[in-house]
Structures are given as structure tokens and as C-alpha cells.
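Below is one structure, written out as C-alpha cells, with a few remarks after it.
Residues: numbered from 1 along the sequence shown.
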Amino acid sequence: PAPMSPALPAGAADPRQARQAARDHGEPDRDDDTLENALQTGDWFAVPRLLGLGGMLRELAQHCEWVGLEGEVVALRLSPMHRHLLDLNPGIASRLGEALAAAGGRSLRVKIELGEIAGETPAQRDAADRRERHAQAVEALESDPFVRELIERFDATLVEASVKPL
């Protein structure tokens, strides 16, 4: 059997503490490798999840588009429609850079430019994924023999907005 990972010390629920506890026990630093890989390949969609961001930092990261990585600078683009995320939170770009640096184990800064989104942000991809899962759930219900029988027998209708994908 594979050796078990040592239990985390009390209070190590924070991802940075958990990574440090793993390092202290001689385990390889897999999260940093994954984050570094995401940064090197421009996979901004994975970064907010890998960092475990919450609150306004998560919202900002979700609405930014990857522009590039040059040296220690992570360049992102934010739609003018979401400018309020910067305006209401002075220093939030610096806090995002600090989160990246802490998780990546190296000095990183975030530079956010305002501009039209050319590709897709994590928030846009998540919304598209939700729409796709909803459409699949509706299709599955509409093709279900039992549901079709209920609709025909009781002259019922399927309220698509009420369908929640699993």
C-alpha cells in the first residue's frame, strides 16, 4: 500500500499552511508545480481554482483575461464593464499578485489593463459550462420515457428554468 500523507498540524487548513506542512514532511510540492505550469502555459482558467481564492479576489480573477507572463509580471485584461472591481478595492491587483507569489513560491506581480476581452475569461467559461450542463439536463428529461409519458398523459409542460443539472 502507498504510504499515507502525514496529518496536517492544527490550523493548517489554509492552503499555504498545508503546502508548508507537506514540505516540512518531505513531500514534493505538487501544487506549486501545477500553478507554475498553469502560468507558463497561460492557463488562467485553472489559476483561480488552484489558488483557492474567495471573495473579491476570486471575482477579479474570474473576470480577467490572460494576456501573458513576462518575467515576474502576470499581465491580465479586465473588461471596462467590471472596472468597479478595481475601483472599489484599491490594491486588489497587488493582493492578487501576493496570492500568486505565495502559492508559486516566487516573486510575482499582477498588472491589470482595462480593455475589451478578446478571448474568454474564467467567468465566461464557467457560464458557458453551466449553460451546456443545463441543456444536457433538459435534453435528458425530454427524452426520458417516464417524463414523456407524464407530459402526454397529463398535458404537462417541462419548465426548463426549473431544471437543475446534477
Side-chain angles (χ1 to χ4, degrees), residues 2-137 161 164-166:
M4 293 182 57
S5 297
L8 294 178
D14 175 63
R16 290 177 298 232
Q17 291 174 330
R19 281 192 293 280
Q20 187 59 49
R23 284 186 206 115
D24 292 345
H25 287 86
E27 292 184 27
D29 209 352
R30 291 180 189 93
D31 287 340
D32 290 351
D33 293 339
T34 304
L35 176 62
E36 184 63 28
N37 184 51
L39 291 173
Q40 291 300 324
T41 60
D43 184 7
W44 185 248
F45 303 103
V47 173
R49 179 184 46 81
L50 289 169
L51 293 177
L53 297 175
M56 293 305 290
L57 272 179
R58 180 182 179 281
E59 286 303 304
L60 177 65
Q62 287 287 98
H63 289 287
C64 283
E65 174 186 36
W66 176 261
V67 174
L69 173 66
E70 190 169 322
E72 297 180 346
V73 179
V74 175
L76 303 172
R77 183 177 300 116
L78 181 67
S79 166
M81 182 171 63
H82 293 101
R83 176 188 197 121
H84 65 278
L85 294 170
L86 293 175
D87 293 343
L88 295 175
N89 300 285
I92 195 167
S94 295
R95 291 192 355 242
L96 182 55
E98 291 166 5
L100 280 165
R106 67 179 178 122
S107 178
L108 289 169
R109 291 182 301 117
V110 171
K111 178 182 144 201
I112 300 176
E113 66 183 46
L114 290 175
E116 294 305 315
I117 301 300
E120 187 177 45
T121 67
Q124 291 168 331
R125 181 177 282 184
D126 289 348
D129 289 346
R130 280 191 303 276
R131 286 190 301 272
E132 176 64 27
R133 286 192 316 274
H134 181 263
Q136 290 171 349
K164 304 290 184 223
L166 298 177

Sequence neighbours excluded, every pair satisfying side-chain hydrogen bond (donor to acceptor under 3.5 Å, both in side chains) that has a member inside residues 87-96: Arg83-Asp87
Tell me, please, which residues at least two apart from Gln40 pass side chain to side chain donor-acceptor pair (under 3.5 Å). Glu36
Sequence neighbours excluded, the answer for side chain to side chain donor-acceptor pair (under 3.5 Å) partners of Arg125 is Glu120
According to salt bridge (charged side-chain N to carboxylate O under 4.0 Å, His left out), who are the partners of Glu132, at least two apart in sequence or on a separate chain? none
Among all residues two or more places apart in sequence or in another chain, which pass the salt bridge (charged side-chain N to carboxylate O under 4.0 Å, His left out) test with Glu113? Arg77
Thr121: what forms a side chain to side chain contact (heavy atoms under 4.5 Å, CB included) with it, not counting sequence neighbours? Glu65, Ile117, Ala123, Gln124
Ring pair (Phe, Tyr, Trp, His ring centres under 6.0 Å) pairs, two or more places apart, involving residues 97-137: none
Side chain to side chain donor-acceptor pair (under 3.5 Å) filter on Arg133, not counting sequence neighbours, yields none
Which pairs with one or both residues in residues 71-103 pass ring pair (Phe, Tyr, Trp, His ring centres under 6.0 Å), sequence neighbours excluded? His63-His82
Quick one: side chain to side chain donor-acceptor pair (under 3.5 Å) partners of Asp126, sequence neighbours excluded? Gln62
Ring pair (Phe, Tyr, Trp, His ring centres under 6.0 Å) pairs, two or more places apart, involving residues 86-111: none
side-chain hydrogen bond (donor to acceptor under 3.5 Å, both in side chains) contacts touching residues 41-53 (sequence neighbours left out): none
